[in-house]
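Below: the structure, in structure tokens.
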Amino acid sequence: MPKEYRTIQEVAGPLMLVRGVQGVSFDELGEIELANGQTRRCRVLEINGSDALVQLFESSTGINLSNSKVRFLGRSMELGVSEDMLSRVFDGLGRPIDNGPEILPEMRLDINGLPINPTARNYPQEFIQTGISAIDGLNTLVRGQKLPIFSASGLPHANLAAQIARQAQVRGTKEPFAVVFAAMGITFEEANFFIESFRETGAIDRAVMFMNLANDPAIERIATPRMALTAAEYLAFTKGMHVLVILTDITNYADALREVSAARKEVPGRRGYPGYMYTDLASLYERAGRLKGLPGSITLIPILTMPEDDKTHPIPDLTGYITEGQIILSRELYRRGVTPPIDVLPSLSRLKDKGIGEGKTREDHANTMNQLFAAYARGKEAKELMVILGEAALTNIDKLYAKFADEFEQKYVSQGYNVNRTIEETLDLGWDLLRILPRSELKRIRDEYLDQYYEKREA
């Protein structure tokens with residue numbers, strides 16, 4: 001029976017000081033019992049001699065210092081996991097909120113996970129088809145990768161996240177595939193959008209969803225991504241599934257981290273965020289990957305909104321250091337009606353070369369990818385010149401490049417949120433666009449591919 005303490009010294013916002021404790025450790029869970037028998041959960045943040053600083057998961061309203069009791073449970077926060085979690089919706093602390101039955105856990109896992117030994121990791125190299133041309137064709141996602149989406153306030157990252165979760169698949173294999181989706185600090189409308197979107201398309205059958213709403217406590221927001229990654233580790237490394245984890249919105253998570261840090265009166269770092277935010281984000285992102293000798297994998301897509309559209313803000317900046325590239329959404333493309341508004345030139349997947357080519361996508365993929373990037377970049381330059389000097393100042397070839405840039409945005413990038421293209425459809429569409437340019441301009445593509453694809457379709 002856990003020992004009870006009636007030595008609550010003070011309560012300040014989400015924090016509470018308990019004196020005279022024994023044998024209590026950092027990150028241990030506790031329960032506060034109020035005078036009316038109501039219980040609230042808490043977690044140990046700091047131990048200083050016999051003083052414990054604990055953080056409340058719920059509101060501190062109504063806690064009477066003399067009449068309330070605290071029990072420490074001797075364990076850190078855990079998630080009960082089972083394959084029955086698939087097709088279910090949970091809150092940020094792993095409790096079902098879909099009116100379904102409680103999960104009967106096969107095992108209970110610490111939500112902080114275990115660090116992966118770098119030598120036990122397998123290199124990510126298998127292509128994941130998202131059905132989105134701007135990702136599959138130009139910034140390819142591979143199994144075991146960490147590829148964040150950098151968005152901004154008001155941009156449709158929720159639609160893109162839902163589309164990736166619905167459409168993602170590993171081609172040419174019968175291996176079990178699942179999606180773990182965690183939303184932090186979102187509104188009720190957004191949560192409803194995600195749940196309905198998954199239900200309508202049947203994607204919920206292979207998904208586990210964790211929903212933390214904006215009015216839920218900050219401490220719950222810090223636990224939510226860890227809950228999701230714990231469920232993903234169980235499905236991937238115990239059950240041998242390939243798991244895609246989507247976390248939205250990391251900015252809300254980092255703000256919760258800042259709120260808790262400020263309540264603890266810690267010395268702030270850049271923009272008021274705690275100095276350990278890099279380590280904290282890394283402890284989440286680095287749980288993705290593949291392990292030698294185990295069939296499963298975790299691929300991670302964290303989504304974050306850049307405050308003030310600023311790529312140098314600490315959250316996108318630190319995320320960029322830890323992950324393998326980024327997909328960037330553009331406000332300018334969004335204003336022009338391009339959906340999804342993926343800005344392909346500053347976007348980057350550092351592992352794209354590992355997941356493409358013969359036997360994975362198609363032998364012409366690398367060549368056409370490089371040519372599309374080069375042609376689009378030159379087309380954008382031509383359009384800028386056209387604005388400054390007028391169309392008459394452009395050469396005929398520059399006009400073709402400008403036309404290519406427009407067609408590329410309208411046909412290749414802008415595909416809507418309900419179109420699911422195979423990689424072959426994406427590559428063929430790329431060839432259709434490259435035919436706007438004369439063959440002599442396609443210097444990044446080998447002659448054998450030009451003979452096979454450029455000439456064949458033109459004939």
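Quick note: numbers below take in every heavy atom, side chains included, and nothing from hydrogens, waters or symmetry partners.
With D136 contributing its side chain and G131 its backbone, the two residues share a donor-acceptor pair below 3.5 Å. R336 contributes no side-chain N or O that, together with a main-chain N or O of P341, makes up a donor-acceptor pair within less than 3.5 Å. Q22 places no side-chain N or O within donor-acceptor distance of the main-chain N or O of S50, the cut-off being under 3.5 Å. Remark: side-chain polar atoms of S25 are not paired, donor with acceptor, to backbone N or O of E28 under 3.5 angstrom. At least one donor-acceptor pair under 3.5 Å links the side chain of S414 to the backbone N or O of T339. Of the possible polar contacts, one joining the S349 side chain to the T140 backbone as a donor-acceptor pair under 3.5 Å is found. Remark: side-chain polar atoms of H365 are paired, donor with acceptor, to backbone N or O of G137 under 3.5 angstrom. Remark: the backbone N or O of I128 is not paired with any side-chain donor or acceptor of R143 at under 3.5 angstrom. With E409 contributing its side chain and L333 its backbone, the two residues share no donor-acceptor pair below 3.5 Å. Judged by distance alone, with hydrogens and angles left aside, the side-chain atoms of E425 form a donor-acceptor pair with the main-chain N or O of T422 at under 3.5 Å.
When all heavy atoms are compared, the tightest approach of R121 to K292 is O-CE, 3.3 Å. Minimum interatomic distance between L281 and L318 (heavy atoms only, all atoms of both residues): CD1-CB, 4.3 Å. Between V344 and A134 the shortest heavy-atom distance is CG1-CB, 4.0 Å. Across all their heavy atoms, A168 and R206 have their closest contact at O-NH1, 3.0 Å. Summarising the geometry of P314 relative to M277, their closest heavy-atom pair is CB-CE, 4.0 Å, with the distance given to 0.1 Å. Nearest heavy atoms, S60 versus V11: CB-CG1, 3.6 Å.
Considering only heavy atoms from C-beta on, R287 stays 4.5 Å or farther from I298 through its side chain.
Aromatic pair F198/F181: ring centres closer than 6.0 Å.
Side-chain contact annotation: D249 with T305, donor-acceptor N/O pair under 3.5 Å present. For T426 and R421, the side-chain atoms include no donor-acceptor pair closer than 3.5 Å. Between the side chains of R350 and T323, no donor N or O sits under 3.5 Å from an acceptor N or O. Defined by atom type and a distance below 3.5 Å, a donor-acceptor pair is present between the side-chain atoms of S261 and E266. Donor-acceptor pairing under 3.5 Å is lacking for the side chains of T224 and Y253.
Considering CG of L155 and CZ of F150, their distance stands at 14.0 Å, rounded to 0.5 Å. Taken from CG in D343 to CG in L329, the straight-line distance is 9.0 Å, to the nearest 0.5 Å. Remark: R221 CZ to M184 CE distance equals 9.5 Å, nearest 0.5 Å. Taking CD from E189 and OG1 from T187, the interatomic distance works out to 4.5 Å, rounded to the nearest 0.5 Å. Atom CD1 of residue I149 and atom CG of residue L247 lie 11.0 Å apart, to the nearest 0.5 angstrom. To the nearest 0.5 Å, atoms CD1 (I164) and OG1 (T299) are separated by 12.0 Å.
In this structure, R258 satisfies the cation-pi test against Y273, with its NZ or CZ atom closer than 6.0 Å to the six-membered ring centre and inside 45 degrees of the ring normal.
In Y276, the OH atom is crowded: over 12 heavy atoms of neighbouring residues, nucleotides or ligands sit closer than 6.0 Å.
Salt-bridge annotation for R290 and E126: present, with a side-chain N of the basic residue lying under 4.0 Å from a carboxylate O of the acidic one. By the 4.0 Å N-to-carboxylate-O rule, R362 lies too far from E424 to be salt-bridged with it. One finds a salt bridge joining D310 and R271 here, because a Lys/Arg side-chain nitrogen approaches an Asp/Glu carboxylate oxygen to under 4.0 Å. Between E106 and K239, at least one side-chain N (NZ, or NE/NH1/NH2) sits under 4.0 Å from a carboxylate O, which counts as a salt bridge. Here R226 pairs with D280 in a salt bridge; the nearest charged N to carboxylate O distance falls below 4.0 Å.
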**Message:** S59 vs R40, test: side-chain hydrogen bond (donor to acceptor under 3.5 Å, both in side chains). Steps then yes/no.
**Reply:** CA-CA 8 Å; S59 154; R40 293 183 192 167; 4.5 Å; no
Criterion salt bridge (Lys or Arg N to Asp or Glu O under 4.0 Å) on E4 and K69, from CA distance to verdict: CA-CA 6 Å; E4 291 185 343; K69 298 180 284 194; 3.8 Å; yes
